[in-house]
Structures are given as structure tokens and as C-alpha cells.
Amino acid sequence: MSISVSNGAATRRFASDAIALVAAALATAVTLGSFAVTVKAQEYDRDFGDHDGFGYGHSEFHGFVPGSIVLSGTVYVGDAGTVTPGEVLPPGCLNGGTVTNPTAATVNVPLLPAYQTKTTTTTAVTVTCGYASDNGEAPNLHDTHNVWNNSATDGSFGVSSPIVLWDLSPDGFPLGALHLPGDEIVTSFSSKSELALNRSADGKSLTFMGYRGGPGCPALTLNTTTNILTQGTNVGPESPTEPNLLDVSASSTPGLCDPTNAAVASYAGANNPTAYYRSVAEVDAGGHIFYTDGDAYSGDNSRAAIKADNGLYYSVGNDNSGGLGKKQMPETQLGIDLSHSTGAELFYPGAAPLVPPANNMISYFVSVSGDKPGKDTNFRGLTIFNDTVYVAKGSGGNGINTVYQLGTPGVLPTTGNAPAGGLVDEPYAILPGFPNTAATTANPGGYYPFGIWFANDSTLYVCNEGDLVYTPNQLINGKTNVADAGTLASAGLQKWVLTSGTWVLQYTIQNGLDLGVPYSVRNYPSSIEPATGGCRNITGVVNHDGTATIYAITSTISLNGDNGADPNKLVKVTDRISATQPATGGYLDWFETVRSASAGEAFRGVALAPVDFENHFR
């Protein structure tokens, strides 16, 4: 087996000790165990002068600093030509009619034998294309173009972008940055739930998920007379991996090509539908990168992955941006495949992608009667504590927004210890005391949990993203405020304490977040200035004095075409673990900003830096 490993472009600067680091030799071949390993430099040379030395053009990375924190994010590198106003979106989508007033195509999806009759063997699904309403320029001060306006006319819209891991001191001082090779893995700019970052159980590596091109999907043909869309049987050429591709986060995976998915190709003029693996990337302390490709999450995005102490990867995400309806999902093989390749998944490092539905989905369930199968497991947050998998659901219109435990407490689910029916039959449970009805889902003022972090067996911190509803014409405490009442009441960092077997919400930390108050960003239009709406991914550290310091990525509220593209913040707060009421003075329970994203940047995840224990502690 061959695994590619790369050192991205980066630089390191120290707050103390003027140590001159000798540049590492890149583009060299080394041997790691029995695997062939290639180390190569980032090929981009674009320099972002106002990104504190974090731009392309810095050619060395010397490893993460022990004791630092690592911030994951992305930088938009598109320009006006990335999107052409008036073009069909997603690229390759086939409809009749005009670009701006299309006639939806119909795909006749085969029914499972049990649902067929003498006269009916298929079920009709409509596919509607979108179009580009703006060009590819990022929001700027020179004109009114905004690439994220395209989200209004293309429900799948996103632009692939390079991944950056910024190494920071606990106070935000830049120590270095690892730029992942954009020809090997990318993320989707504006997809706010991507690029969660987790440190492995052994502390030696970081994991996250992204997109890697794989064999393309079979060709699609539109009959212009009947407007019926049919899928061929050929396997397309390898799909490109690079920045500035379109709608990759909604693409099919190579092993689950969905003909009802409008996201056909990632660029105009593609000869065949493109397809992208949802891949786990593992990065060690020295910046070497290992990839494991997967076929789960077809049609939507992978969000988080973590390496447990059994050496396996556990992940969460969502799938199915296609047109199959609730009733059609269980009646078609396509629907079965999609509903059983989402939610929580198990990856074996270096293994070949498993083709759905014979993959390793953990705990399949429909928690609310009448929901669309596969959507009640639309998980975003992920952690492992005491060998138990915990996930959070906080988006979508199905299911229950809450925190779940998957599998048996204290037992990491594997194919070796799975129930007789497989990993899909692993038990699941809402944590006692957490919301357990659908009333909290997809409603203003509802519950939107994201990142989760345990300080100990009985103290759990949960980030509530907020409903992100923009509310104009408000003055609160003399300041403009765009958050609604639900966000102001409940968004922020929640502290839950286990009491007599039930988790009890003690308080929500909001001070210092300035919820709903717009903030300015240099070189960014004031008309779409963002405001903090809550928080997303988190990590933390338990201090020697009985406190915990929690680092969090903020969510945003704005009038931007997609608020997932807003420049957001990395913040931190310190809380006394034993406290049952928030502190009223001093430094405790007051957020401070560690780092603010510049225009064209977006922060996604945060983790403690990995450590090469063998070499560092000699």
C-alpha cells in the first residue's frame, strides 16, 4: 500500500528565545515502516500579505510546538473568473428550459422488488438546476460583487479552498502554519460545519476530514423530448483535487453515485460527472499527513474525525442532497444506501473505501416518526471520553437537536464487537437531561449544539451555535444588535453537570462574546459585517487550580449570502469546574478573543497540538 504524506508551506515565529531554525529539506523521499512515504512542498505561491505571515510563499514547517494550540481553517483563493454569472450551477446539471427558469428533469429510480407492482417498477424523482447570480469575487470594498450571493440561486453552492492548520500560543501568538497541499485535499469554503479538529487519544496526531478526488460517476443523459435523465454504467476519469472547484461539498462519492443529486460536476466542461471521497487526514507532530479515503457522506459534507486509543478513526457528517423523498428512501436501494452511509462512521486507517451500504455506519435510527431516513443522524459535534463515543446533532429539519451517546458505555464500537446486525444496530441514547423532543429542532430559539468537551466524568461543556436568525433594527444597551431573543437567551458555552444520573444545565457563558453586536473587519464591506451568534467546535484543558480553559470557534450572524463564509473568531474562556453559578467578577467566565479571521479567512476547528513524545521528552 502507498500512502502519500506531505509537508505543507508554513512559517514559525517565536515569542521568546531568538532561535534560528534551519530550513527543512522538502521534496525528499523517506521510508516509514513498510509504507512508501513521499514528502513534498506546497505548490502554491500566493502570498496573503495581511495574514500575519500565514500566506502561501512560506516554504518551511518545522513541526507543531508542544503546549500550543492548533487552529484549522481555510482561505478563499478564488477571483472573478471562478464563477461566471449566468452559468448553470452546479456545473454539469442537466435541465430543460432556460438557465434562470429551468424545467426540472426526472430520474426514474428503480424500486426494491417488495415495492414493485406489475405496472410500476420505478419511482420518479425531480432534479432542478440552479445558476450563477454573481461572479467569483469575495466581498470587497471596490465593488458590490459577492461570490456568496450565489447561494441564493444554487442550493449546493460552495467553492473548494485550501486547508490551513495555524499553530498558535495559548494567547494567539503565531508560531507557524501548515498549509495542506491543495492538489491532495481541500475543504469547501462557506461550509461552516467542516474541518473540526481533534487530537488523537495518544496525543500524537490531529485528525480532520476533507475532499479528495476519486473516479468519476457514470455519465448522465437528458432526453430533451421527455426531460428524463438517465445514468449510464461507465466509470468516469479521476476527478481533480484543487481549489476553486464548485459544489464539491454536495458531490457524490465514487462509491455512491446519486443520479438525483444536482451536484453533477465540479467544473464547467467536465466530460463526466465528478466524485469526491470524504477523507480522513491524520497529521503528526512533524506535519506529515496520512490520508484514508471513504465513500460515506455522499451528497453532503464530512465534519469531524477522531483517532481513538484502539487506533481507529470515528467520524461524523451528513449525506443525501439528492431528490429522494421520505417515502422513497426505504423503497429504493439508492435510498437504503444513502440512509446507511451517514451520521457516525468507523474508518480503518489505510483501508480501501467501503461501498455503501456495506460500510461501517454506527447506530442507524429514525428518532421522530415521519422523518426522512438518514437525516436524524445529521451529526456535527464529536468527542470520545472514557472510550465512549459522544455526538451532537444541531442542524437540519429532522430529528432531535441534542447530545447522544453511541454504543455501549466504555466500549468503542468496532466490527469485532458489533451486534449481530452490525454496527448500524449499536445502541444509542440521548444523554439524560438533554433535550429529547423535536421541538428544539429548526426553530428560532431552538437548541443548536455543536462542539462537546468533557472536563471530567461529571462536567460537560457544550457549544450552542444559536439559531443565527438576523434581526434588524434593534438597539440593546445602546448598541446595534442583530441577534434574536432565542440567541441572546441561550447561545454560548453551556456547562452541564451530572447529578444523580441526570445532566443538569448549570449556566451558559456568554460574557465577552458580544452576541449580536456587529464587528468590523479590515477590507470587508460594512453592509455585511458579522456578529457573533454563539460557538461551534471546542477543545479544552484542565488547569492545576481546578479551572478549565475552553477554546471555541464562534458562529456568526450577518446579511452575507452565506454566513458560513463570514470572518469569525477563535475565543477562549476559563471556568471553575466545581462552580454551579457563573463568576461575577475577575477573569473567570469572560470570553476573550484569541484570534480574529481576516477578510477571506474562516476558522473551523481547534485542538491541542500533537506531541512527538519519543523525541520531545528524551
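Count residues from 1 along the sequence.
Side chains of Asn398 and Lys372: no donor on one and acceptor on the other come within 3.5 Å. Between the side chains of Ser190 and Asp562, at least one donor N or O sits under 3.5 Å from an acceptor N or O.
In terms of the side chain to side chain donor-acceptor pair (under 3.5 Å) criterion, residue partners of Arg278 (sequence neighbours excluded) are, by chain and number, Ser251. Considering only residues two or more places apart in sequence or on other chains, Arg380 meets the salt bridge (charged side-chain N to carboxylate O under 4.0 Å, His left out) condition with Glu465. In this structure, the side chain to side chain donor-acceptor pair (under 3.5 Å) partners of Lys572, at least two apart in sequence or on a different chain, are Asp171. Shown here are the salt bridge (charged side-chain N to carboxylate O under 4.0 Å, His left out) partners of Asp143, two or more places apart in sequence or in another chain: there are none. For Pro357, the side chain to side chain contact (heavy atoms under 4.5 Å, CB included) partners are Gln333, Asp337, His340, not counting sequence neighbours. Remark: Asp293 engages Arg212 in a salt bridge (charged side-chain N to carboxylate O under 4.0 Å, His left out) (not counting sequence neighbours). When the side chain to side chain contact (heavy atoms under 4.5 Å, CB included) test is applied to Ala597, the partners found at least two apart in sequence or on another chain are Pro567, Asn568, Glu601, Phe603. Legend: residues meeting side chain to side chain contact (heavy atoms under 4.5 Å, CB included) with Leu354, ordered by chain and number and at least two apart, are Asn359, Asn360. Residues that satisfy the side chain to side chain donor-acceptor pair (under 3.5 Å) test with Ser68, not counting sequence neighbours, are Asp167. Thr260 is linked by a side chain to side chain donor-acceptor pair (under 3.5 Å) to Asp258, counting only residues two or more places apart in sequence or in another chain. Qualifying side chain to side chain contact (heavy atoms under 4.5 Å, CB included) partners for Ala305, counting only residues two or more places apart in sequence or in other chains: Thr207, Met209, Val280, Ser315. Taking the salt bridge (charged side-chain N to carboxylate O under 4.0 Å, His left out) definition, one finds that Lys375 meets it with nothing, sequence neighbours left out.
Taking OG of Ser205 as the start and NZ of Lys307 as the end, the distance is 5.0 Å to the nearest 0.5 Å. Rounded to the nearest 0.5 Å, atoms SG (Cys463) and CG (Asn537) are 8.0 Å apart. Here the CD atom belonging to Glu87 is positioned 11.0 Å from the OG atom belonging to Ser133, to the nearest 0.5 angstrom.
A cation-pi geometry, defined here as NZ or CZ lying under 6.0 Å from the six-membered ring centre and within 45° of its normal, holds between Lys569 and Tyr519.
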field: Pair Trp148-Tyr76, ring-ring contact (aromatic ring centres under 6.0 Å, His included): steps then yes or no
entry: CA-CA 11 Å; Trp148 312 118; Tyr76 183 70; 5.4 Å; yes
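Among all heavy-atom pairs drawn from Thr253 and Gly294, the shortest one is CG2-O, 4.4 Å. Among all heavy-atom pairs drawn from Leu312 and Pro349, the shortest one is CD2-CD, 4.0 Å.
Between Tyr404 and Phe379, the two ring planes are tilted [angle within 30° to 60°].
Ring centroid separation for the pair Tyr348 and Tyr313 does not come in under the 6.0 Å cut-off.
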